[in-house]
Amino acid sequence: MSRYTTAEIESKWQEAWARAGTFTAVRDESKPKYYVLEMFPYPSGKLHIGHVRNYTMGDVVARYKMATGHNVLHPMGFDAFGMPAENAAMAIGGHPKDWTYSNIDTMVEQMKPLGLSLDWSRMFATCDPEYYGQQQALFLDFLEKGLVYRKNAVVNWDPVDMTVLANEQVENGRGWRSGALVERRELTQWFFRISDYSEELLDALDTLENWPAKVRLMQENWIGKSRGLEFSFDRTDGGDPITVYTTRPDTLMGASFVGISPDHPIAKQLEADNPELAGFLAECRKGGTTEEAIETAEKLGYDTGIRVKHPLDPNWELPVWIANFILMDYGTGAIFACPAHDQRDLDFCRKYDLPVIDTFLDLDDPKPVENEAFVPPKEQKVKWINHFAGLDTATGQEAINATIDFAEKAGWGKGVTRFRLRDWGLSRQRYWGCPIPVVHCDTCGVVPEKKENLPIELPDDVTFDKPGNPLDRHPTWRDCACPKCGAPAKRETDTMDTFVDSSWYFARFTAPRATTPTVAEDADYWMNVDQYIGGIEHAILHLLYSRFFARAMHICGHLPEKSREPFDALFTQGMVTHAIYQTTGGNGRPVYHYPEEVDLRDGKAFLKETGAQVTVIPSAKMSKSKNNVVDPVDIISSYGADTARWFVLSDSPPERDVEWTAAGAEAAYKHLSRVHRIATEIAADEDGPQGSDEALLREMHKTIRDVTLGVESFGFNASIAKLYAFTNTLAKSKSGSAARREAAKTLAQLMSPMTPHLSEEIWAMLGGDGLIVNAPWPVADDAMLVDSTVTLPIQINGKRRAEISVPADMPKEEVEKLVLTHEAVTSRLDGAQPRKLIVVPGRIVNVVL
RNA sequence: GCCCGCGUGGUGGAAUGGUAGACACAGGGGACUUAAAAUCCCCAGGCCGAUGAGGCCGUGCCGGUUCGAGUCCGGCCGCGGGUACCA
């Protein structure tokens, strides 16, 4: 009997697919196209079991679509620019380019044995000059269409290293290398005008029916459309009025002070001749730029001494404070505070002893605010105190609308719609990214490069021995001629955010070698991505930026109208986690151990070498530094690719995190061996016993239905559970050999998206036509799916007490009669009539006593 | 802080508002074997009961809607993701 020898089987079929060119995508108008895409990886150097899970899911979809008659595009590439390459160059020497390409080679080598249905001929890395040169062309087109501009924006500034830090390089407000306190500093940066598309990006979310609702909701909140009132406070000193924006104008009678951002022009103006204020502002500018850092920082305030008049009462004066929690980026950078109905304002007012004035009270419990702000939902009716628009009881929303109307009629304010979404800053003061193709000329200003000069390539001769951007200190790269006047000029040394690279790679895959960003025929044929698969961590930024880019590319003629939304369906998969094994070293610091160094006994873990007990931290995200990363190469070499694929799909629902266990991998291998053995037996048993076929074939058709449903709805774990069950049925079946042969072939087909090599092997063994990868997907016969009898559970007062077996089409009245004579019911009814009898045909019966 | 998720046996998990725990792992028992491996069969949420019949409890916690809630609603707790320069 042939054995399940994975190495041999897997390479054999991979060669067969390669010879047949099975996965090379070619335009073919006679078939419906299907574009499956998994978010491409960052080339960290090692393929991670999480990658295996992600790509296997995409592969299941791709192979299933092939089997259902689609012309499939399933490409792969690398998101290859970014900080880790520069960090590696700083830490261990070498060049980011060499590090990156060597990592890519390694990862491709690790990916190929998985037998993924990828069209490798389309592969590229975003750091290929052929790719980023086309990205520079896009940038120039965007510039021409007014989609890019420059303005000031704040960055994390390390005052010791004299360099800009990424948010992740700021730890507890300090630079990760220098340890210096980080400051927020302004730099001139390039921006994409994504906020011009706020309304459209928001509205179009409704059309993305095949996206997870949670992702649409997150994007909706991120875009953050709000309606509010904009108006100005007049200053008592005659200075320029202070314009504020508020979403709660109904609370104006509870105003306590006017607050402005530390970055507000008034603050900056006062700073010049007020050293005390300058000190305060310096304090405000400490720390990183993240929203989290700003929101959770201690609330600080400074009374500017400026006073303003309340718009509804000229005798009411309010102080103007500078407060560190007010963002210059949102609204007008100035607010009025209503402490009674905003916890942050209340905390601030209590700290600085400012008045707290109630504007409305709870209908049921009308007590004034003390240390907890009263913030009811906007739909809740409340009791208004002295409302200027004459309201008594009304909801917050009604009051907001009434207030805006009132202010507009009175002429002192106007209702405006604002968005939280800010323009996308793309400048990075780093080397390993796509150079921004512009030149700074003393006479012409900022001048775009000529397209014929693209790509503007990164210079290779750079060093990372000093902090900062090596492009800035490169002796010759910066120097160039102005494309406009020819005079000596300087290149832009900022490179692009790596989110730019990943915002259009899906379009580039449709024509990866073209000398323009895209080619109309290819983009028209292959776009949109029919199924996009990736991590939930990309729910907002990557997906929102890509949606913007698709629109911008359409405007510039690089994508068709239909691609304004480039991803028709989105699926977000969970992470693969693994326990962390930790002991404490002599210096009291944690020491992390690899899984293979640890023995598991009686639910406890011990070091193999010393026998010392190890602390187990369960289900942590795999991380190189914690030594809990499982290398899929080991699993593939021990058990084969099909086992790795089968295991990452089984058990956990794809959208949820999955815990990797070696035992699970071994069990998956055992199962696949069993399937191989069963198929081998059936293949050898051509003239075996003839038995009843009906039951086996019925099960087979139900399995076709259930597995298909699972694959179509990303319920791969459910499909696999059905395949286990059907394998058990087949193993025990006493059916005739022809029926068993048909069942085994169908089983191989249903497994083929998950375990393509084993399925090809079994298909060949049982005399299937051609390659299984080209075989049409089995179709369930409806007639075989209906059962003639059903089991109905009988509940009494909602608790299951008995069950009856009835013909599936038995009328409700007959079921009721049967139930009322059932012993479990009569004994409890004790002669009385039930209060209610609920019969859900084919499902359940509930008797209410 | 704010936004979005998730929470079910020893473990991973299943369950269109309708029999909670399918399927699998680990575990226990048995068959085969000189023995082991491999394979095959059986058991298995907790408690009470006798290992039976049967009963009670049980899907993070508290409350609600419903004939019926793991599922829907409100409030908490815990964990995870994002928070605009990690990708």
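So that the names make sense, note that chain A is the first sequence line, chain B the second, and so on, each numbered from 1.
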### Query
Where does B/G55 land, syn or anti, given syn is within 90° of 0?
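Here B/G55 takes the anti form, which means its glycosidic angle is more than 90° from 0.
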#### Entry: Contacts of type ring-ring contact (aromatic ring centres under 6.0 Å, His included), residue A/Phe716, not counting sequence neighbours
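In terms of ring-ring contact (aromatic ring centres under 6.0 Å, His included), with neighbours along the sequence ignored, A/Phe716 is linked to A/Phe714.
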### Task
Count the heavy atoms of every other residue, nucleotide or ligand shown that sit under 6.0 Å from CG of A/Asn172, and state whether that count exceeds 12.
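12 or below, so no.
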### Message
I need a per-nucleotide contact map over nucleotides 26-31 of chain B, read 5' to 3'. Cutoff is protein heavy atoms under 4.0 Å; write B for the base, S for backbone only, - otherwise.
### Response
------
### Query
Which nucleotides of nucleotides 52-60 of chain B have their base under 4.0 Å from a protein heavy atom (B), which only their sugar-phosphate (S), and which neither (-), written as one string 5' to 3'?
---SSS---
Protein N or O to nucleotides 40-46 of chain B N or O, pairs below 3.5 Å:
| unit_1 | atom_1 | unit_2 | atom_2 | d |
| --- | --- | --- | --- | --- |
| B/C40 | OP1 | A/Arg674 | NE | 2.9 |

### Query
If you write RNA chain B from 5' to 3' in dot-bracket form, with Watson-Crick or G-U pairs under 3.5 Å, [ ] for crossing pairs and | for pairs with another strand, what do you get?
(((((((..(((.....[....))).(((((.......))))).((((.....))))..(((((..]....))))))))))))....
### Query
Do any pairs count as a side-chain hydrogen bond (donor to acceptor under 3.5 Å, both in side chains) and have a residue in residues 791-801 of chain A, sequence neighbours left out, and if so which ones?
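Checked against side-chain hydrogen bond (donor to acceptor under 3.5 Å, both in side chains) - neighbours excluded - the pairs reaching residues 791-801 of chain A are A/Arg800-A/Glu803.
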Sequence neighbours left out, what passes side-chain hydrogen bond (donor to acceptor under 3.5 Å, both in side chains) with [X]? Give chain and number order.
X: A/Arg428; answer: A/Asp497
X: A/Gln169; answer: none
X: A/Arg420; answer: A/Glu291
X: A/Arg185; answer: none

### Message
Quick test of your reading: applying salt bridge (Lys or Arg N to Asp or Glu O under 4.0 Å), list the pairs with at least one residue in residues 705-718 of chain A, sequence neighbours left out, ordered by first then second residue.
### Response
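Qualifying pairs, neighbours excluded: A/Asp706-A/Lys722.
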### Task
Establish whether the base of B/G1 is bridged to the side chain of A/Glu291 by a donor-acceptor pair shorter than 3.5 Å.
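Result: at least one qualifying N/O pair found.
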### Query
What about A/Asn221: does its side chain form a donor-acceptor pair under 3.5 Å with the base of B/C3?
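Side chain to base: no pair below 3.5 Å.
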### Task
Could you check A/Asn87, A/Thr495, A/Thr100 and say which one makes a side-chain contact (heavy atoms from CB on, under 4.5 Å) with A/Trp432?
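Only one option passes, and that is A/Thr100.
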#### Entry: Under 3.5 Å side-chain donor-acceptor pair for A/Ser195 and A/Asp423
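Present: a donor and an acceptor within the cut-off.
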### Query
What pairs with A/Ser713 under side chain to side chain contact (heavy atoms under 4.5 Å, CB included), at least two apart in sequence or on another chain?
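If we apply the side chain to side chain contact (heavy atoms under 4.5 Å, CB included) test to A/Ser713, skipping adjacent residues, there are no hits.
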